[in-house]
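A short worksheet on the structure shown next.
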Amino acid sequence: MDVRALDEVLEVERAAYEFPWSRGNFVDSLHAGYAAWLLHDEHPGLAGYAIAMAGVDEVHLLNLTVAPPRQREGHARWMLEALVAWCRLKAAPMLWLEVRTSNARARTLYGRFGFREIGTRRAYYPAAQGRREDAVVMSLAIDLPAGPPAPRR
């Protein structure tokens with residue numbers, strides 16, 4: 001993903017969420033050097049995207065979105081599998097994310113994928129009528145290949 005793709009990304013983001021990321025959120029993530037991928041397939045248009053931040057011995061998934069008409073086609077699972085492969089390349093043994101407490105579909109997907117719910121961030125997300133919604137913090141242990149330790153980056 002790069003800034004040239006942001007019009008299409010923002011169209012999907014706004015269709016998918018009541019409180020979407022702003023253009024500035026995406027621009028800041030790209031300028032910070034976060035990993036950002038687009039998902040295209042045989043159908044026209046953007047199927048989905050993901051943004052993740054690598055840290056010391058961990059990766060934090062910041063945004064994983066599938067275009068609403070393309071949901072329930074396995075795209076989110078495919079992007080999670082690609083993200084886990086990237087974690088292995090980065091020698092990051094842990095993957096973290098936050099998800100709205102009300103987002104039952106995403107929580108179910110992440111749980112089936114192997115993520116564990118480990119905590120709550122109170123009032124993390126904006127909600128209707130000026131309120132705030134809690135986030136569930138989830139983690140996934142990444143099986144790293146055996147062998148010599150990877151060099152620090």
Side-chain angles (χ1 to χ4, degrees), residues 1-41 43-68 70-71 73-100 103 105-107 109-111 113-126 132-153:
M1 180 189 304
D2 62 28
V3 293
R4 294 171 296 182
L6 289 186
D7 287 342
E8 190 175 26
V9 168
L10 284 164
E11 184 178 320
V12 170
E13 181 78 5
R14 290 175 184 139
Y17 302 113
E18 184 177 358
F19 298 94
W21 273 26
S22 69
R23 178 177 293 274
N25 293 134
F26 285 101
V27 168
D28 290 348
S29 294
L30 293 171
H31 285 311
Y34 298 161
W37 301 277
L38 300 174
L39 176 62
H40 291 278
D41 61 11
H43 300 288
L46 180 62
Y49 50 88
I51 298 177
M53 175 181 63
V56 177
D57 295 330
E58 67 181 27
V59 168
H60 193 119
L61 176 59
L62 302 174
N63 188 328
L64 185 144
T65 302
V66 175
R70 308 301 310 285
Q71 293 176 359
E73 295 178 7
H75 296 305
R77 183 167 191 81
W78 188 91
M79 286 191 287
L80 286 170
E81 289 169 357
L83 182 57
V84 166
W86 187 72
C87 290
R88 288 187 180 113
L89 286 173
K90 293 289 190 184
M94 191 64 65
L95 176 58
W96 299 90
L97 62 84
E98 289 89 13
V99 61
R100 286 180 180 272
N103 193 342
R105 282 178 50 194
R107 289 173 66 186
L109 167 74
Y110 295 137
F113 196 83
F115 281 86
R116 294 180 315 116
E117 294 187 4
I118 60 157
T120 302
R121 294 193 197 280
R122 300 280 178 221
Y124 188 75
Y125 290 109
R132 304 289 297 177
E133 181 176 355
D134 293 348
V136 176
V137 179
M138 302 183 82
S139 68
L140 177 69
I142 306 295
D143 292 326
L144 297 179
R152 295 278 178 195
R153 291 172 191 87

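When a residue number appears, it is its place in the shown sequence, counting from 1. Every value quoted in this text rests on a predicted model; they were computed, and no experiment measured them.
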Quiz item: Is the closest side-chain heavy-atom distance between L30 and M1 below 4.5 Å?
Solution: yes
Practice problem: Kindly indicate whether the side chain of D57, heavy atoms from C-beta on, has any atom under 4.5 Å from the side chain of P93. | Solution: yes
Quiz item: Is there side-chain contact between L46 and H40, with at least one heavy-atom pair below 4.5 Å?
Solution: yes
Quiz item: Less than 4.5 Å apart, any side-chain heavy atom of M53 and any of V59?
Solution: no
Practice problem: Give the C-alpha distance, both sets of side-chain angles, the deciding distance and a yes or no for side-chain contact (heavy atoms from CB on, under 4.5 Å) between E133 and Y124. | Solution: CA-CA 6 Å; E133 181 176 355; Y124 188 75; over 6 Å; no
Quiz item: How far does OG of S22 sit from CG of L10, to the nearest 0.5 angstrom?
Solution: 8.0 Å
Exercise answer: donor-acceptor pairs, residues 76-89 side-chain atoms, under 3.5 Å, sequence neighbours excluded:
unit_1	atom_1	unit_2	atom_2	d
R88	NE	D143	O	2.7

Quiz item: Given the rule in the side-chain contact (heavy atoms from CB on, under 4.5 Å) test, do D28 and Y34 qualify, once you have shown the distances and angles that lead to the verdict?
Solution: CA-CA 9 Å; D28 290 348; Y34 298 161; over 6 Å; no
Quiz item: Can you check whether R100's main-chain N or O pairs, donor with acceptor, with N103's side chain at less than 3.5 Å?
Solution: no
Quiz prompt | side-chain contact (heavy atoms from CB on, under 4.5 Å) between N63 and L61, intermediate numbers included | solution = CA-CA 6 Å; N63 188 328; L61 176 59; over 6 Å; no
Quiz item: Closest approach of D41 and A47, non-hydrogen atoms and distance?
Solution: OD2-CB, 4.4 Å
Quiz item: What are the two closest non-hydrogen atoms of I51 and A36, and how far apart are they?
Solution: CG1-CB, 4.0 Å
Quiz item: Atom OH of Y49 and atom CG of L39: how far apart are they, to the nearest 0.5 Å?
Solution: 12.0 Å
Practice problem: Search all heavy atoms of L64 against all heavy atoms of Y17 and return the closest pair with its distance. | Solution: O-OH, 3.4 Å
Quiz item: Between E117 and F115, does a side-chain contact (heavy atoms from CB on, under 4.5 Å) hold up when you go through it step by step?
Solution: CA-CA 7 Å; E117 294 187 4; F115 281 86; over 6 Å; no
Self-check item: Heavy-atom pair of closest approach, residues V12 and A67
Solution: CG1-CA, 3.6 Å
Practice problem: For D134, enumerate each residue passing the side-chain hydrogen bond (donor to acceptor under 3.5 Å, both in side chains) test, keeping only those at least two apart in sequence or located in another chain. | Solution: R122
Practice problem: Give, for atom CD of E98 and atom OG1 of T120, the distance between the pair rounded to the nearest 0.5 Å. | Solution: 11.0 Å
Quiz item: Would you say the side chain of V137 lies within less than 4.5 Å of the side chain of R121, judging by non-hydrogen atoms?
Solution: yes
Practice problem: Determine which pairs satisfy salt bridge (charged side-chain N to carboxylate O under 4.0 Å, His left out) with at least one residue from residues 3-15, sequence neighbours left out, and list them in order. | Solution: D2-R4, D7-R23
Quiz item: Checking Q71 side chain against V66 main chain: does a donor-acceptor pair fall under 3.5 Å?
Solution: yes
Quiz item: Heavy atoms, side chains only, cut-off 4.5 Å: are V9 and W21 in contact?
Solution: no
Quiz prompt | Heavy-atom side-chain contact between M138 and V99 under 4.5 Å | solution = yes
Self-check item: Closest non-hydrogen atom pair, A15 against P68
Solution: O-CG, 3.6 Å
Quiz item: Does any non-hydrogen side-chain atom of F19 lie less than 4.5 Å from one of Y125?
Solution: no
Quiz item: How many angstroms lie between atom CZ of R116 and atom OG of S139, to the nearest 0.5 angstrom?
Solution: 4.5 Å
Self-check item: R132 CZ: over 12 foreign heavy atoms closer than 6.0 Å
Solution: yes
